[in-house]
Every structure is written in C-alpha cells, then in structure tokens.
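Predicted model only: the values in this text are computed from it and were never measured. Labels below follow one simple rule: chain letters A, B, ... track the order of the sequence lines, proteins then strands, and each chain is numbered from 1.
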Protein chains: 2
Amino acid sequence: MTHSEENYIKAIFHLGSQGEEVISTNAVAERMETKPSSVTDMMKKLSEKGLVHYKRYQGVSLTALGTKTALSIIRKHRLWEVFLVEKLDFTWDEVHEIAEQLEHIESEKLIDKLDELLSFPKFDPHGDPIPGKNGEFIERDNQLLSQIPIGSSAICVGVKDSSAVFLRFLDKNNIALGNKMKIVEKEEFDNSLRIYIDQRELNLSQQIASNLYVKMIKL
Amino acid sequence: MTHSEENYIKAIFHLGSQGEEVISTNAVAERMETKPSSVTDMMKKLSEKGLVHYKRYQGVSLTALGTKTALSIIRKHRLWEVFLVEKLDFTWDEVHEIAEQLEHIESEKLIDKLDELLSFPKFDPHGDPIPGKNGEFIERDNQLLSQIPIGSSAICVGVKDSSAVFLRFLDKNNIALGNKMKIVEKEEFDNSLRIYIDQRELNLSQQIASNLYVKMIKL
DNA sequence: TATATAATTTAGACAAATCTAAAAATATGT
DNA sequence: ACATATTTTTAGATTTGTCTAAATTATATA
Ligand SMILES: [Mn+2]
Ligand SMILES: [Mn+2]
Ligand SMILES: [Mn+2]
Ligand SMILES: [Mn+2]
C-alpha cells in the first residue's frame, strides 16, 4: 500500500467512528484536503483492492480488511506518539505531525518491539486508545465535559480536538489528562462552565468544554 | 526533497567515497537498480536544485549543498540503526532495510533527541561513522583484513559489505566488532587467511578478509 | 412534480518517476 | 585515424496521484 492509500483508509475510518456508517465523497475530500474527483479515483482503486465497499453515488465504507488495515495504521501512529513523548520528551502538541510520517513505516517486528519498549501502553498522549496487534482496543469513555450535569466531578481522559492550538491552550491553563475537576456552574447566556480544577477556579467556554472527554467520578 | 531524490543523493555520495570524484551515469544506475535514462532525468532535476554538478556526458558530483544533504540522510540512517539495535534488540543484519525507510522522516528535532537518547554514538552497528549535526565525523580506520601483514594483530572495526548474508556469516563464526584477531598464515593458493580469534582458529577466504575493516594493534 | 441546487463522477490534463527503443557522444583498439 | 563498442542522452510511453471543467445523478424546494 502507498502512503496515500493508507491516508485515505485512515480518513474513512475516522469519519466512520464519528457517527455515520457510510461516508460521502465530499466528506473524505474535505478531511484529506483534496478534491472530490481525486477521492472518486482513489475509491475505485481501494474498492478493487477489497479495502472499501463502493458503488458510485452511494458513498463508501470500509470492508473488514479495510478496517483491519486502518487499525494497524492507527496502532502505529499512536505507539509512535507515545514513544516521542515518553522516550524523547516531546510535548503532546508536537507529536502528531511526526507520527503522520512514522505511521507509514513498514515492519511488523518494529512496531511490536516498540510496543514492548513502551510497556504496552493502552492510550496515546491525547487519551486515544491504542489498538492491539489484533485490532482490539479499550473504548474510552466518550463523554464530553459539556454534557455532564452541574455539580458532578470528573477526570479528564482525552481531547476531541487534538490540534496543537487547543493542546497548547490546555497547557497554558494547566489542564492535563488525569486532572480531576468539579463543575460548579453553567452560564445560561453562553453555556460556559465554571469549574474547579487543581484547587483553582477556571472558566471554560462551551467550545472548550465540548472538546474535552471526561469520566465521571463519585466523591 | 522526495524520497527518490534523497536516495539518489545518498547513492552519489557513497559512490564518491568509494574512490572516484566524478560519478558516471551507469554507476548510479547500477547502484540504484534503475536504468541510465532515469538517472539522466534525475541528474537534471538535482542539478537545477543545486545539489549536484552535472554536465551531459561528463558525469556527476555533489555540490557542497548536496554533500551536506547526503550527510544528513546518512546521519539519520545510522542513528536509527543504532536505535533499533540498542533499544529494540534488533540484530545487525535486520536494521538496514528499516533504516532505509526511517532515514526519510523529516524532523530535525526528532533526530537530535534520538541522538541524545542513544548517548551520541559515533559509530553505527556495522562500524560506520555517524556524522554529527554539522556533518563532521570520525574517519574509521579503513584497512582491510586482507591488506595487513602476516603475524600482526588487529581489532575488527567494521564491515565493508553489510549485506544480511555476510553479517549472518560473521555471526555464525562468532566474528563481531571489537574482536581481537591475529593473522597466522596466508595460503598462497587462494589467499585465504588462517587467524586466531577468541581462542579459536579460523580459516577465512580472501573474499571474507577483504570485507572486514580492522585496526592494527601492537601486542 | 418540476425545477433548482448540491453532490458526484467523468474526461482530459499535468507532474513525478520510471521504462524501452533509438540517437548521439565518447572511448577503445588496431 | 578509423571503425567498433560502450556510454549517455533523448524521445515517447506508462503509472500514480492529483487537478479543473464539464457532465451526470441525486436531493431539496417550491
Ligand atoms: Mn495523532
Ligand atoms: Mn498519514
Ligand atoms: Mn545501513
Ligand atoms: Mn533510502
């Protein structure tokens, strides 16, 4: 498989996990930052290789083989991200770009040895689950901070938007995975939240709150 | 730079270190396992980018920029090889192929951090010197075992042929970098050598002896 | 349901990296 | 020095991944 083919497979997988089962040509084009006509061409090729189900005008979805392939690429991507943070002291906002390159390195043994070196991590630096050799992985609690009731306490377990800008915003406000927070109040006007985190009081806009995954806890 | 361009630059560099200053189109083609016509096309492109000196029918050589580029790729290649052996327990016959892929990953910071993780190694698993950030590197003793006088003692410091077949042959005969050996006799008929290594007596064909780099030592 | 709008595909083009076959330049040997 | 052999380049084709513009199909709306 070429890098480009792998990137399309990954894009379809991610769009698929985000809700719909069948993905539109335009959705793939937007995510890949290419033109819809290029997507059509690629879908024909991936279809011939048995990686996607595709009928013209009907959208696209991954076959079992396509899903397996996607999980393997995502496994590589996320293991490399852990490596960069744990072994090379990169920050969580720096690793994605490099992992985009490293995910295409071909060597089953390499990735298994890397997994071992990192002590078989289950989550990447952004809290995303790392698929195992056979594609199995732990579903993370996918509750958003914006969705939990006022008064509850929760632990930060992941980010929905893992862009460098958002991650650096979190750093600046000392919000990290594992932090415990309590929702004090929701402002009716703009749905912003007032929370306690790490002995501090913080105001988070609705946009921030809807990009933080949390796990509710009892006190 | 594309992977292909980088591989051509590296090939020209290696051919250049092997003796001649100006490299022929055919030599590049043979090393890259491509056709001479493909080389001509690529030389025009690299020439326009200022990486090689090229005039038609006159062969090719690296510019200062080309040499710098080559050294950077070789630095990455060899650091990754050390990583694979030191951190992931690969054997020296397994690493070259994977390093061929990893050498094209783009990130200055990545490679500097890797260098640090590995404690700034000066040689790769095959005894080849690792260029530093600024292209400087330690010249290894490039004396071949086949060239040193009978009766002398030497330490094995590198391999000229680093193909997996040759490396596994060395493993099988317990010949490793750092081993001390003494040349006992050279057979006139086929130039094979009888040596002492590690308390053992061993017979090495001329072909073997002319692919092992050694450093002479006094007893 | 007819029509307008949006999504998707097709047709044709292009750049990159390769190839084969033929032409041109260079090197070699007597 | 001349003929021959070798090397190198050119010309034209192919594959991959992309694009634009036009045609087609599907969807939404009045
Ligand atoms: Mn990532
Ligand atoms: Mn990618
Ligand atoms: Mn190597
Ligand atoms: Mn390479």
Side-chain angles (χ1 to χ4, degrees), chain A residues 1-13 15-16 18-62 66 69-70 73 100-101 103-106, chain B residues 1-13 15-16 18-62 66 69-70 73 100-101 103-106:
Chain A
M1 280 190 82
T2 65
H3 290 196
S4 185
E5 288 172 343
E6 290 190 345
N7 286 336
Y8 275 98
I9 289 293
K10 204 170 51 129
I12 296 164
F13 180 92
L15 291 166
Q18 225 89 52
E20 284 91 294
E21 195 53 25
V22 168
I23 311 302
S24 75
T25 299
N26 273 2
V28 177
E30 191 178 344
R31 183 159 181 124
M32 297 285 296
E33 298 183 75
T34 58
K35 299 294 165 180
S37 55
S38 306
V39 176
T40 299
D41 286 347
M42 185 56 87
M43 293 312 107
K44 287 179 185 165
K45 204 210 299 190
L46 294 178
S47 174
E48 271 171 25
K49 293 197 174 186
L51 292 157
V52 301
H53 298 295
Y54 170 72
K55 285 214 190 78
R56 62 208 221 307
Y57 296 104
Q58 299 305 125
V60 75
S61 63
L62 293 179
T69 305
I73 302 163
E100 282 293 304
Q101 299 179 60
E103 75 190 3
H104 301 294
I105 301 292
E106 277 180 77
Chain B
M1 279 191 82
T2 66
H3 290 196
S4 187
E5 288 172 343
E6 290 190 346
N7 287 335
Y8 275 98
I9 290 293
K10 203 169 54 130
I12 296 165
F13 180 92
L15 290 165
Q18 225 89 51
E20 284 91 296
E21 194 55 24
V22 168
I23 311 303
S24 75
T25 300
N26 272 3
V28 177
E30 192 178 344
R31 178 151 187 134
M32 296 285 295
E33 299 182 76
T34 57
K35 301 292 165 179
S37 54
S38 307
V39 175
T40 299
D41 287 346
M42 185 56 87
M43 292 314 106
K44 287 179 186 165
K45 202 206 305 188
L46 294 178
S47 174
E48 272 170 26
K49 293 197 175 188
L51 292 156
V52 301
H53 298 294
Y54 171 71
K55 285 214 190 79
R56 60 208 222 304
Y57 295 105
Q58 300 306 125
V60 75
S61 63
L62 294 180
T69 305
I73 303 163
E100 282 291 304
Q101 299 179 61
E103 75 190 3
H104 301 294
I105 301 293
E106 277 179 79

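Distance CD1/A:I73 to CZ/A:F13: 10.5 Å, rounded to 0.5 Å.
Between the CE atom of A:M43 and the P atom of C:dT9 there is a distance of 10 Å, rounded to whole Å. If you measure from atom NZ of A:K35 to atom C1' of C:dC14, you get 16 Å, rounded to the nearest angstrom. Between the NE2 atom of A:H3 and the C1' atom of D:dT16 there is a distance of 14 Å, rounded to whole Å.
Side-chain contact check for B:Y54 versus B:L46: every heavy-atom pair is 4.5 Å or farther apart. In this structure the side chain of B:V52 never reaches within 4.5 angstrom of the side chain of B:Y8, judged on heavy atoms.
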Strictly under 4.0 angstrom, non-hydrogen atoms only: write out the protein contact profile of nucleotides 6-13 of chain D, one letter per nucleotide from the 5' end, B, S or -. -SBBB---
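Shown here are the salt bridge (charged side-chain N to carboxylate O under 4.0 Å, His left out) partners of A:E6, two or more places apart in sequence or in another chain: there are none.
Scanning all heavy atoms of the two residues, the minimum distance from B:A70 to B:L62 falls at CB-CD1, 4.1 Å. The minimum heavy-atom distance between B:H104 and B:E100, with the atom names listed, is CD2-O, 3.0 Å.
Under 4.0 angstrom from either OP1 or OP2 of D:dT18 there lies at least one side-chain N or O belonging to A:S4.
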